[in-house]
There are 2 protein chains.
Amino acid sequence: MAKSSSRITLKDIARDVGVSTTTVSRVLAGKARKYRICDQTAKKVLSSAKKHNFKPNLSARALKLRKTYTIGVVVSDITNPFFASIAQSIELEARKQDYAIVLCDSGEDIFTEIECVELLRNRDVDGLIVSPVGEESNHLENICKEKLPLVLLDRYFPDLTIPYVACDSYTASQEAVSYLIKCGHHKIACIQGRVETISNKNRIAGYKKALRSNGIKLNNNFIIGDDFGEASGYLSMKLLLNQSPAPTAVLALSNPISLGALRAIREKDLKIPDDISIIAFDEQLYSKYLATPMTTIEQKNSEMGQVAVQLLIKQIKAKRYSSNKGILLPCNFIQRDSVKILK
Amino acid sequence: MAKSSSRITLKDIARDVGVSTTTVSRVLAGKARKYRICDQTAKKVLSSAKKHNFKPNLSARALKLRKTYTIGVVVSDITNPFFASIAQSIELEARKQDYAIVLCDSGEDIFTEIECVELLRNRDVDGLIVSPVGEESNHLENICKEKLPLVLLDRYFPDLTIPYVACDSYTASQEAVSYLIKCGHHKIACIQGRVETISNKNRIAGYKKALRSNGIKLNNNFIIGDDFGEASGYLSMKLLLNQSPAPTAVLALSNPISLGALRAIREKDLKIPDDISIIAFDEQLYSKYLATPMTTIEQKNSEMGQVAVQLLIKQIKAKRYSSNKGILLPCNFIQRDSVKILK
DNA sequence: CTGAAAGCGCTTACAG
DNA sequence: CTGAAAGCGCTTACAG
């Protein structure tokens, strides 16, 4: 019966069992009960489908149902291990729920991000998970307006009602800086990433809050940097080391930044933590193997990915758009050897 | 004219211009010439499509044409920075050519890999790029038999004719070990990954070749390990350090392995390179910031991804299946401070 | 130079 | 309890 080499279709199964495609479709959709299809028939359909290894043509189904069982994911840089592990957990959770992910990488570029979102929409994904660059949100707001499910990841817009899942950077940053202060540091610098991202804003806010709570005056020269990458961390650290007074401790707002800072510190032949202390956001596999094992702030990457998918699929299945605020997961402070105890 | 909120279709454009959908389809497919469609009409179609921001429904097109403009990618572990950067370049190159990628992560598990390949085939991807776990190749051979384009990445099967792109690990490994020997090392161990992967086999072969060429007898106890992960690197290094004679240098066949080895070395309070020398496969952002900047073998990750996509799309467009052997790109030896010069 | 119509493989409202 | 038929939005062989 099989139509030569091409794939088995509903029709083939119908012919095989001697029943209409309607019935086959219903049985295979698990609606045998609902349509009170005779058990005999249902069983025959099921076994024939199995025997012929029938797989529905998803394009045909998508055309009819307007559901592709696909979710679009745009990360800002998959090369950043932080996003890599999030992507991994997104894919795993999606697969568990029978969704596939089509992945785009915006390379931290807003135009690419907009292009990717557009591209994914044209592919009729059922929903989107995006970790936006942050400079611009119109294209994301439009998605919501059109009731296409969307969940923001890691970076969100506090003034908008787009649902998100992120880690509580504010509290984590505050804790880290408080720890530095408790260790006797007063000249604490902060090497930041993209200033327009909420994660950066929150971390800066936590930093300021900790200073304020401890009666330390903010030195604006101690907030420096404008990108989450290694190069910016390097440059910023070089500038900080040339300031006077120079900081005795720095908080690096991303892991690549901390690596850049390390490079600048090494170039000056300074030692961590003797000459300068450092704490970095993002725990990595290598954090404990660096010249000085690094004190870090760990974000719950795989949880974030998993929760984002669950939130999204809930939206997809809910039909009506829920403007669910957002979810903040706690961070984890990992104390190692990169902070000197001054007092 | 726009049909309420739903998307613009060919029909809408046809109605707008006052022409048949056939004509619209032809113009938009760039076949105006071929069908000698009057310039006037063509222009009107084009401008109407643009005005209404018409985007073809890809599911409909896929149903008719059996082309989804999607390529399935299965990596064995996106969390491994090596694969992350490959994935990034695959996505970028695919996007340039108007393909989207649906990504799966097999987690280095053969059953998951088979499941993912199956899942991607059911989604009618136009082709597949996979970095196989390597234990098994039937599911991949089947793909080829059915003329579905496939390119293997990083790991391939030398006895099969499935096209691949990988780096020349054999030569790189041989060079690295020759370098160690030139530095005066004779007791050189090798911490390997999954023994059934070709990359591992090639690296081991290169290692043996270098020893042989230099008249050094192979000590089988010096080849150890069975997984590319950090844990295996750690355990293997511990075992090596307890052997007698212990090696004076080790070649780590992956970056995570080298981190594991570092952990074991640190636990024993040994110093690199004074007490033990090490060279690792895979250059990473952090390689130069480790306690001792690491001498590494860099693979051309983004080139691999890019070439893989190009090879695949060539196959897709060629129709007839070309059993193109495979492409090996050269590696890059990066000399730093993790090797002691003995003589 | 252009169009009517069939068909890709599904799902489902309608009818019995 | 089951089926014929319409339709999702495209493309293209056939006809003029």
Side-chain angles (χ1 to χ4, degrees), chain A residues 1-46 49 52-69 121-124 126, chain B residues 1-46 49 52-69 121-124 126:
Chain A
M1 56 145 294
K3 278 217 312 280
S4 72
S5 73
S6 77
R7 262 171 53 173
I8 301 292
T9 75
L10 264 195
K11 230 183 190 167
D12 296 320
I13 304 296
R15 202 179 315 138
D16 184 43
V17 181
V19 83
S20 76
T21 57
T22 309
T23 300
V24 176
S25 174
R26 282 173 178 152
V27 171
L28 263 23
K31 294 179 181 168
R33 264 273 130 71
K34 187 175 161 198
Y35 288 98
R36 286 163 299 165
I37 289 167
C38 141
D39 274 7
Q40 275 294 326
T41 318
K43 249 176 226 150
K44 275 195 275 181
V45 168
L46 254 12
H52 295 99
N53 190 27
F54 168 75
K55 301 288 177 185
N57 179 317
L58 295 185
S59 298
R61 178 180 280 174
L63 179 58
K64 184 69 189 168
L65 258 32
R66 260 108 242 288
K67 309 244 326 127
T68 54
Y69 293 92
R121 297 185 54 171
N122 286 339
R123 284 183 172 263
D124 289 313
D126 293 344
Chain B
M1 56 143 299
K3 280 220 307 291
S4 73
S5 73
S6 77
R7 264 172 52 173
I8 301 293
T9 74
L10 264 195
K11 228 181 187 169
D12 296 320
I13 304 296
R15 202 181 313 140
D16 185 42
V17 180
V19 82
S20 75
T21 56
T22 308
T23 300
V24 176
S25 173
R26 284 174 177 153
V27 171
L28 263 24
K31 296 181 182 167
R33 266 272 130 72
K34 185 174 161 197
Y35 288 97
R36 286 163 300 166
I37 290 166
C38 139
D39 273 7
Q40 274 293 325
T41 318
K43 250 177 223 151
K44 276 196 274 183
V45 168
L46 253 12
H52 295 98
N53 191 28
F54 168 75
K55 301 289 176 185
N57 180 317
L58 295 186
S59 298
R61 178 180 282 175
L63 178 57
K64 185 68 189 167
L65 259 32
R66 258 113 242 288
K67 308 241 331 124
T68 54
Y69 293 92
R121 298 186 53 173
N122 287 338
R123 286 184 170 261
D124 289 314
D126 293 344

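Because the structure is a prediction, the values reported are computed rather than measured. These values consider heavy atoms only, across backbone and side chains, with no hydrogens, waters or symmetry-generated copies. In what follows, chains carry the letters A, B, and so on, assigned in the order in which the sequence lines appear, proteins first and then strands, with residues in each chain numbered from 1.
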For the pair made of CG in Asn57(A) and P in dT11(C), what is the distance, rounded to whole Å? 10 Å
With a non-hydrogen cut-off below 4.0 angstrom, is Ser59(A) in contact with a base, only sugar-phosphate, or nothing? nothing
4.5 Å side-chain heavy-atom contact, Asn57(A) and Arg66(B): yes
Counting side-chain heavy atoms from CB outward, which of dC8(C), dC1(C), dT2(D) is closest to Cys38(A)? dT2(D)
Can you check whether His52(A) reaches Asp12(A) side chain to side chain, under 4.5 Å on heavy atoms? no
Can you find a side chain N or O atom of Arg7(B) that sits less than 4.0 Å from OP1 or OP2 on dC8(D)? no
Shortest non-hydrogen contact from Val45(A) toward Val17(A): CA-CG2, 4.0 Å
Can you tell me the distance, in whole Å, between the NZ atom of Lys55(B) and the P atom of dC8(D)? 22 Å
Can you confirm whether Ile8(A) sits close enough to Asn53(A) that some side-chain heavy atom of one is under 4.5 Å from a side-chain heavy atom of the other? no
Provide, to the nearest angstrom, the distance between the CG atom belonging to Leu63(A) and the P atom belonging to dA6(D). 17 Å
Roughly how many Å is it from CG in Asp124(A) to C1' in dC8(D), rounded to a whole number? 12 Å
Which atom pairs link the protein and nucleotides 12-16 of chain D when you take only N or O atoms and keep those under 3.5 Å?
| from | atom 1 | to | atom 2 | distance (Å) |
| --- | --- | --- | --- | --- |
| dT12(D) | OP2 | Lys31(B) | NZ | 3.0 |
| dT12(D) | O4 | Thr22(B) | OG1 | 3.2 |
| dA13(D) | N6 | Arg26(B) | NH2 | 2.9 |

First of Val19(B) and Leu10(A) reached from the 5' end of DNA chain C, by closest nucleotide: Val19(B)
Mind listing the side-chain donor-acceptor pairs of residues 22-30 of chain B below 3.5 Å, one per line with the distance, residues two or more places apart or on another chain?
| from | atom 1 | to | atom 2 | distance (Å) |
| --- | --- | --- | --- | --- |
| Thr23(B) | OG1 | Ser20(B) | OG | 3.3 |

Specify the closest pair of heavy atoms between Asp126(A) and Lys67(A), including all atoms of both residues, with the distance to one decimal. OD1-CA, 3.4 Å
What distance do Arg61(B) atom CZ and Leu10(B) atom CG have between them, rounded to the nearest 0.5 Å? 8.5 Å
Could you check how far NZ of Lys44(A) sits from P of dT2(D), rounded to whole Å? 9 Å
In DNA chain C, consecutive runs of at least three Watson-Crick or G-U pairs below 3.5 Å, as range with range, amount to C:1-3 with D:14-16, C:5-12 with D:5-12, C:14-16 with D:1-3
For atom C1', what is the distance between dG16(C) and dT12(C), given to the nearest Å? 16 Å
Could you tell me which non-hydrogen atom of Arg121(B) sits nearest to which non-hydrogen atom of Arg7(A), and how far apart they are? O-NH1, 3.4 Å
With respect to the phosphate group of dG3(C), does any side-chain polar atom (N or O) of Ser20(B) fall under 4.0 Å of OP1 or OP2? yes
Can you measure Leu58(A) atom CG to dC8(C) atom C1' for me and round it to whole angstrom units? 14 Å
So, does Thr68(A) use its side chain to make a donor-acceptor pair with the main chain of Asp124(A) at under 3.5 Å? yes
Interatomic spacing from CG in Leu46(A) to CZ in Phe54(A) - rounded to 0.5 Å: 11.5 Å
For atom CZ of Arg36(A) and atom C1' of dT2(D), their distance in whole Å: 11 Å
Report yes if at least one side-chain N or O of Arg61(B) is closer than 4.0 Å to OP1 or OP2 of dC8(C); otherwise report no. no
Measure from NZ on Lys11(B) to P on dG3(C) and round the result to the nearest Å. 15 Å
